[in-house]
Amino acid sequence: MAGYNSGGRDSERGRNSAADKIAEQRRRKTALENMQSPRLNGGGSSSGPRLSSRRDSAGSGSKRQNTGRKNTNRNNTQNKENKISLFPTAGSRNVYQKQKAPKRSLFGKKSFGAGLHGGRIIAGFVVAFFVLLALYMLTNRNAVEVFVDGTSVGIVLDKSYTTDYITEICETKLVSSLGTNVEITSEITTKKVHAGKNDEGVSTGDYLIKSVTDAAAYNVEATTIMINGAEMAVVASSEAAQTVVDRILSEHSLSYIDDISSIVEGPEISGLEFGTKYVDSSEIVSTDRAYELLNGTKQTQLTYTVESGDSFGKIASAYGLSVSELMASNPNISDVTKISVGDQITINATVSVLDIKVVTQTVDRSSGTSVIIKTTYINGIVSDTATMDSSSSSQNDETADSEVSDDETAE
């Protein structure tokens with residue numbers, strides 16, 4: 001028991017001795033600092049501070065045992081590289097190292113942005129900014145870019161400009177300027193984009209429509225003149241087509257009609273029809289050119305059946321041929337004076353492109369009974385003859401009148 005107590009006292013005495021040493025070192029360090037900088041302590045005496053005796057230190061050592069340990073630990077955790085070791089102990093170095101200045105950021109304070117790690121963070125922020133900007137431009141499409149046949153013609157800051165709307169506006173403007181219906185044949189497409197007011201290619205809506213109208217190809221509505229289903233000429237309108245027809249008919253000669261006959265039908269162009277279609281404007285011809293195309297001639301081969309009173313010379317004259325020309329087309333006829341009613345004669349003739357039909361009517365009263373003779377002429381040549389007495393004609397007229405009355409009653 002005595003040994004235990006002795007050991008305890010020795011241990012306590014050792015701790016006190018260590019604390020005393022530490023306190024003595026701190027005291028000496030403080031005294032040295034006060035001697036070097038007397039003003040900091042409020043004094044200026046040359047005698048320096050009073051040094052305490054070992055007894056004082058020993059008396060206060062036990063009281064400051066715990067606080068000394070805490071101060072020792074706190075001092076050891078300070079910046080070890082930036083201190084002056086006045087009283088070196090075992091393992092310490094009597095070296096003075098200058099404190100390094102901390103790195104500072106752009107804002108004058110040390111922050112997470114300093115150094116290589118901070119540079120990487122800033123670069124990340126820059127990349128994120130541009131990514132967000134690109135996403136904004138892709139999602140915020142506030143404009144429409146217009147293409148004609150794949151070529152961009154402009155950008156308008158109005159998302160209501162769709163393909164159908166642009167096509168309709170352009171066609172309306174073309175109709176107003178050309179005076180006829182128009183069909184745009186170019187492919188007009190649109191794409192929503194992001195654009196600013198001062199960006200290249202951005203224009204007003206009116207200027208964009210003008211650009212599309214100038215760049216687009218289109219067809220115009222025109223009138224076709226057809227004969228027996230074949231297209232003969234294309235003119236600007238139905239009025240232009242009728243002008244051409246009226247001119248041709250007014251110039252057709254009626255010299256082949258005798259004075260006792262009256263015209264009941266015609267003159268009219270056989271197989272004449274008007275049609276409409278959209279064509280390129282280069283296909284439309286003037287009325288003068290249409291007149292030349294329709295009023296021309298063509299080579300054709302006809303077969304004529306000999307009637308009573310015909311002669312070879314008369315037939316040749318009717319088609320504007322000489323007897324030798326007509327004989328060349330009929331090598332099977334050796335004697336032109338020996339043709340009979342019903343014989344077939346081949347005629348290679350130059351005839352008009354158009355067949356102008358005229359129907360005349362003649363009343364023959366030589367037999368005491370009125371006989372009506374209807375004769376059909378094609379380009380001045382007799383095509384058909386029909387004979388009927390006046391009574392049958394009157395009956396036919398009465399039948400037609402009754403049919404009209406029945407139709408009116410039905411209505």
Side-chain angles (χ1 to χ4, degrees), residues 102-223 234-240 276-286:
K103 294 184 179 179
R104 298 184 178 274
S105 66
L106 297 176
F107 304 101
K109 295 183 179 180
K110 186 175 181 181
S111 66
F112 64 91
L116 179 60
H117 180 66
R120 290 177 179 175
I121 294 177
I122 294 175
F125 277 122
V126 173
V127 172
F129 170 77
F130 282 105
V131 170
L132 293 175
L133 180 61
L135 290 175
Y136 172 77
M137 294 178 66
L138 289 175
T139 56
N140 184 32
R141 298 178 180 180
N142 61 332
V144 175
E145 187 173 8
V146 183
F147 300 84
V148 176
D149 293 329
T151 302
S152 177
V153 296
I155 300 173
V156 61
L157 296 174
D158 190 343
K159 293 189 289 185
S160 65
Y161 276 70
T162 62
T163 299
D164 294 338
Y165 175 74
I166 295 172
T167 302
E168 181 181 355
I169 295 298
C170 291
E171 288 181 348
T172 301
K173 286 187 173 294
L174 288 171
V175 169
S176 177
S177 61
L178 299 176
T180 184
N181 293 329
V182 173
E183 179 185 61
I184 293 179
T185 58
S186 291
E187 182 182 13
I188 299 176
T189 56
T190 58
K191 181 177 73 173
K192 291 184 179 180
V193 296
H194 177 82
K197 184 182 297 183
N198 298 323
D199 288 354
E200 183 179 359
V202 175
S203 61
T204 62
D206 291 340
Y207 186 81
L208 177 68
I209 294 297
K210 181 180 181 301
S211 300
V212 174
T213 304
D214 294 340
Y218 56 88
N219 288 338
V220 297
E221 186 180 40
T223 300
V234 180
V235 293
S237 63
S238 58
E239 291 79 6
T276 59
K277 72 173 184 178
Y278 286 91
V279 299
D280 188 88
S281 57
S282 60
E283 298 181 32
I284 298 176
V285 299
S286 64

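This chain uses plain numbering: 1 for the first residue, then up along the sequence.
The shortest heavy-atom contact between C170 and V212 is SG-CG1, 3.5 Å. Across S281 and V220, no two heavy atoms sit closer than the pair CA-CG2, 4.3 Å. Across every non-hydrogen atom of V153 and A215, the tightest pair is CG1-CB, 4.2 Å. For A216 against V148, the heavy-atom pair with the smallest separation is CA-CG1, 3.9 Å.
Judged as a side-chain hydrogen bond (donor to acceptor under 3.5 Å, both in side chains), the pairs with a partner in residues 173-189 (not counting sequence neighbours) are, in order, D149-S186, N181-E221. For residues 163-193, the set of pairs meeting the ring pair (Phe, Tyr, Trp, His ring centres under 6.0 Å) definition, not counting sequence neighbours, comprises Y161-Y165.
Atom CD1 in I188 sits 13.0 Å away from atom CZ in F147 (nearest 0.5 Å). How far NE2 of H194 is from CG of L157: 9.5 Å, rounded to the nearest 0.5 Å. We find the OG1-CD1 distance between T213 and I169 to be 9.5 Å, quoted to the nearest 0.5 Å.
Residues passing the side-chain hydrogen bond (donor to acceptor under 3.5 Å, both in side chains) test with E171, sequence neighbours excluded: none. Evaluation of the side-chain hydrogen bond (donor to acceptor under 3.5 Å, both in side chains) rule for S152 yields E145 as partners, not counting sequence neighbours. The salt bridge (charged side-chain N to carboxylate O under 4.0 Å, His left out) search around K191 returns none, not counting sequence neighbours. When the side-chain contact (heavy atoms from CB on, under 4.5 Å) test is applied to V279, the partners found at least two apart in sequence or on another chain are A222, V234, K277, E283, I284. Every residue meeting the side-chain hydrogen bond (donor to acceptor under 3.5 Å, both in side chains) condition with S282, not counting sequence neighbours, appears here in chain and number order: D280. By the side-chain hydrogen bond (donor to acceptor under 3.5 Å, both in side chains) test, D158 pairs with S160, sequence neighbours left out.
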Expected list for residues 197-210: side-chain donor-acceptor pairs under 3.5 angstrom, two or more places apart:
residue	atom	partner	partner atom	Å
D199	OD2	G196	N	2.6
T204	OG1	Y207	N	3.4
K210	NZ	D214	OD2	3.0

